[in-house]
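Notes follow once the structure below has been shown.
Throughout, protein chains are lettered first and strands after them, A, B, ... in sequence-line order, and every chain is numbered starting at 1. These numbers come from the heavy atoms of this one structure, side chains and all, not from hydrogens, waters or symmetry mates.
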Amino acid sequence: MTTFADLGLSPKVLSAVTDAGYTIPTPIQAGAIPPALARRDILGIAQTGTGKTASFVLPMLTLLEKGRARARMPRTLILEPTRELAAQVAENFEKYGKNHKLNVALLIGGVSFDEQDRKLERGADVLICTPGRLLDHCERGKLLMTGVEILVIDEADRMLDMGFIPDIERIAKLIPFTRQTLFFSATMPPEIQKLADRFLQNPERIEVAPPSSTAKTVTQRLVATHGKDYEKRATLRDLIRAQDDLKNAIIFCNRKVDVAELFRSLDRHGFSVGALHGDMDQRARTTMLANFKENKLTLLVASDVAARGLDIPDVSHVFNFDVPIHAEDYVHRIGRTGRAGRSGAAFTLVSKRDGKFLDAIEKLIDQKIEWLSGGIEDLPPQAESEERERPRGGRDRGGRDRDRDRSRGRKGEPRATETRIETSESEEKVEAVKAERKAEGRPQNPARNPRAANHAAPRPANDDSRDRRSRYRRDDDDGPTPLGFGDEVPAFMLIAGKA
DNA sequence: AAAAAAT
């Protein structure tokens, strides 16, 4: 059996690999490292989760042991589609390059130029970049690309999706053609093949089987839900609470605004939760991801920025709050769990309107996904209330659901994912008003349900069905209704605040 | 029905 020791890596690199606990290379590593060390061009067709990053980091480290960097003349250049991926590759250089004295510079947007400039000035052995920021540095004249010996283009198909190919071409033109090029892509559509043909000279082609993409170790289920945001959020909360083996989870939304909104909702409900999407400032992105990786956050609500490539080990669950619009994204998303042979669970919330996207997914993965408990047609009728979203109160964070849990003695301990948040004074007042109303046998907070008054079958005065924890219960997370408006709550106050 | 990336 091939071990890392058989691949021709330098002793310094080998010892770092051993220290990291690896002995057996993955197929892409075994296939790509020897020709890369022989200075061949590489065409690697491999998805994330196959050990692709190490397949270029390790030989680069070995090759970089000869020679030294000169100011403003980087020796190697790695292009990544997202900032997080770039940062992750930089971490790999730290980990496997701990026996080297290499200058690694991370050139990504969203952070200041100063430190990046300083590193360039000092002479970078390795430059890890997102295309925009790299070109920015080039245009500022801080960077000479004529010394680049190795160019890595990672996630080429994703770069294509993101419209980066013109940038990549511009960058490639600045680099001498005597360079060695390592080119990686998860898929090989014709445009990518053309690009590879232009960039690579007589490459060694290594193709590895898609990592058990919809792996057998991942239990996939569909969860029927009504389609309103609050109904989906309630379904999701119940689903999360029902998981006994949940260690940590990524929850995917299709849109950034929905990431922000779901994050706020879960946070208010006391879940240990973070958010990640491309409109957040870079510091927040970095800390959120770090906290999630360090298990300081149990849940991460994310856009597809997190769907591919991010190496977050040991995610026990993936929840698709939205059915992804592009079927491939489904595969990438659920590929965040069940990695390296571990078991994982992936749940996808499906409402009526998601039908055709679901069909496309099942066609792509060539299997039918089981429903957790009945399909959409089996859903109980929509909750009788058609209340709309209420405004978001800044001060009424969390707590309320669990307060009721206690006072009513409902069974079920708060799960590990939930943390207690102090009930604010204003919230206590609202609770007090509610309790008073209830004692008087009046419907709770009528302003919250303008239609309740003329509902065909009014609830008995002591009916507390509204409060029963049910996936169909009205989302109760949106703060107290503004008191004093009666049925005349201005429309603008009912619109969910978008970040 | 989207997201990502330079400012």
Side-chain angles (χ1 to χ4, degrees), chain A residues 48 78-89 105-117 120 127-143 153-171 174 185-186 225 227-229 232 250-263 275-282 284-286 288-289 300-310 320-333 336 348-361 498-499:
Chain A
T48 39
I78 300 169
L79 295 170
E80 294 288 338
T82 68
R83 298 170 186 174
E84 278 76 13
L85 277 173
Q88 191 172 289
V89 172
L106 182 60
L107 303 191
I108 59 174
V111 292
S112 97
F113 280 91
D114 299 350
E115 204 195 325
Q116 296 179 0
D117 281 341
L120 292 177
L127 221 53
I128 306 164
C129 318
T130 46
R133 182 53 74 96
L134 174 66
L135 285 169
D136 207 342
H137 277 284
C138 288
E139 280 155 17
R140 288 152 40 109
K142 294 277 180 179
L143 206 44
I153 298 167
D154 197 13
E155 304 256 333
D157 51 351
R158 196 167 176 206
M159 301 255 206
L160 176 77
D161 288 347
M162 292 168 65
F164 278 159
I165 297 305
D167 286 350
I168 303 295
E169 307 226 26
R170 277 175 65 199
I171 292 164
L174 302 170
S185 189
T225 179
K228 297 242 170 56
D229 282 357
K232 290 176 78 174
I250 305 182
I251 304 164
F252 286 102
C253 298
N254 285 355
R255 296 183 307 182
K256 289 178 284 200
V257 282
D258 294 329
V259 169
E261 183 150 333
L262 181 59
F263 162 70
L276 187 69
H277 66 71
D279 279 355
M280 291 164 50
D281 74 68
Q282 191 54 40
R285 283 169 68 163
T286 308
M288 285 289 186
L289 191 59
L300 184 70
V301 186
S303 70
D304 280 315
V305 68
R308 306 190 197 191
L310 286 193
N320 288 315
F321 186 74
D322 299 310
V323 178
I325 293 163
H326 291 304
E328 321 85 76
D329 286 332
Y330 177 83
V331 179
H332 289 297
R333 288 179 182 187
R336 305 289 87 206
T348 302
L349 266 54
V350 183
S351 68
K352 255 185 207 150
R353 60 190 160 175
D354 298 321
K356 70 175 178 197
F357 297 116
L358 182 59
D359 292 345
I361 289 166
K498 307 277 184 201

#### Entry: Minimum heavy-atom distance Ile165(A)-Ala156(A), with the two atoms named
CD1-O, 4.3 Å
### Query
Just by distance, do the side chain of Arg158(A) and the backbone of Ala186(A) share a donor-acceptor pair under 3.5 Å?
no
### Query
What is the 5' to 3' range of DNA chain B, first to last nucleotide, that sits under 4.0 Å from any heavy atom of chain A?
dA1(B) to dT7(B)
### Task
Scan Arg285(A) against the nucleic acid and name what it touches under 4.0 Å (heavy atoms): base, sugar-phosphate only, or nothing.
sugar-phosphate
### Task
Select base, sugar-phosphate, or nothing to describe what Asp167(A) touches, counting heavy atoms under 4.0 Å on all strands.
nothing
### Task
For Val111(A) and for Thr82(A), locate the closest nucleotide of DNA chain B by heavy-atom distance; then report the residue assigned to the nucleotide nearer the 5' terminus.
Thr82(A)
### Message
With a 3.5 Å distance limit and no angle check, can you tell me whether Glu80(A) reaches the backbone of Glu155(A) through a side-chain donor-acceptor pair?
### Response
no
#### Entry: N/O donor-acceptor pair under 3.5 Å between Asp322(A) side chain and Asn254(A) backbone
yes
### Message
Over all strands shown, is Arg83(A) touching base, sugar-phosphate only, or nothing at heavy-atom distances under 4.0 angstrom?
### Response
sugar-phosphate
### Query
For Gly110(A), which contact category applies under a 4.0 Å heavy-atom criterion: base, sugar-phosphate, or nothing?
sugar-phosphate
## Note on the structure
Residue set satisfying ring-ring contact (aromatic ring centres under 6.0 Å, His included) with His137(A), at least two apart, ordered chain then number -> Phe113(A)
### Query
Is a side-chain N or O of His277(A) found less than 3.5 angstrom from the main chain of Asp279(A), in a donor-acceptor match?
yes
